[in-house]
Amino acid sequence: MPRPTAAQFAYGSATVVATTLALLLLFRTESGVGVAAVGTTALALGLLVALRLPRPGHPTTEGTGRTTTDRASAAARTHHALEGIGARERVPAARSSERPSGRSSARTDEHSLRR
């Protein structure tokens with residue numbers, strides 16, 4: 001089981017404290033059973049809030065839902081597939097170091113389509 005993050009501790013604890021104060025003030029309970037019920041409810045709500053927080057490095061519902069590792073492996077699969085069909089030979093050659101205006105190019109190691 002993974003350990004909780006600092007954000008999970010903080011949000012869970014804040015939820016427990018705020019819920020306990022709000023329920024005790026709202027219901028004005030003085031009996032031991034009422035206080036125990038309020039405490040149990042606050043702890044359950046705090047646990048729920050802490051567990052629902054997204055963990056770093058895990059896919060989320062926002063954005064693309066892909067982690068950096070997923071993107072890297074997808075890029076590697078695409079690169080391998082392109083090499084398999086001979087796409088490397090179809091890429092145009094890089095331009096010479098001279099530009100049409102006669103000025104020398106500062107970077108000659110880049111692909112011709114990046115200029």
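Below, each value reflects all heavy atoms present in this structure, side chains not excepted, and no hydrogens, waters or symmetry copies. Along the sequence shown, the residues carry numbers beginning at 1.
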Hydrophobic cluster of Phe9, others only, ordered by chain and residue number, side-chain cut-off 4.5 Å: none
Remaining members of the apolar cluster that contains Phe27, side-chain heavy atoms under 4.5 Å: Leu23, Leu24, Leu26, Val35, Val38
Intermediate values then yes/no, side chain to side chain contact (heavy atoms under 4.5 Å, CB included), Leu45 and Thr41: CA-CA 6 Å; Leu45 187 61; Thr41 304; 5.6 Å; no
Smallest heavy-atom separation, Thr20 atom then Ala42 atom, equals OG1-CB, 3.1 Å
Partners meeting side chain to side chain contact (heavy atoms under 4.5 Å, CB included) with Ser31 (sequence neighbours left out): Thr29, Val33
Could you work out, with side chain to side chain contact (heavy atoms under 4.5 Å, CB included) as the rule, every residue matching Ala50, not counting sequence neighbours? Gln8
Joining Ile, Leu, Val, Met, Phe, Trp and Tyr whenever any side-chain heavy atoms lie under 4.5 Å apart, the cluster holding Val16 also takes in Leu43
Residues forming a side chain to side chain contact (heavy atoms under 4.5 Å, CB included) with Ala36, sequence neighbours excluded: none
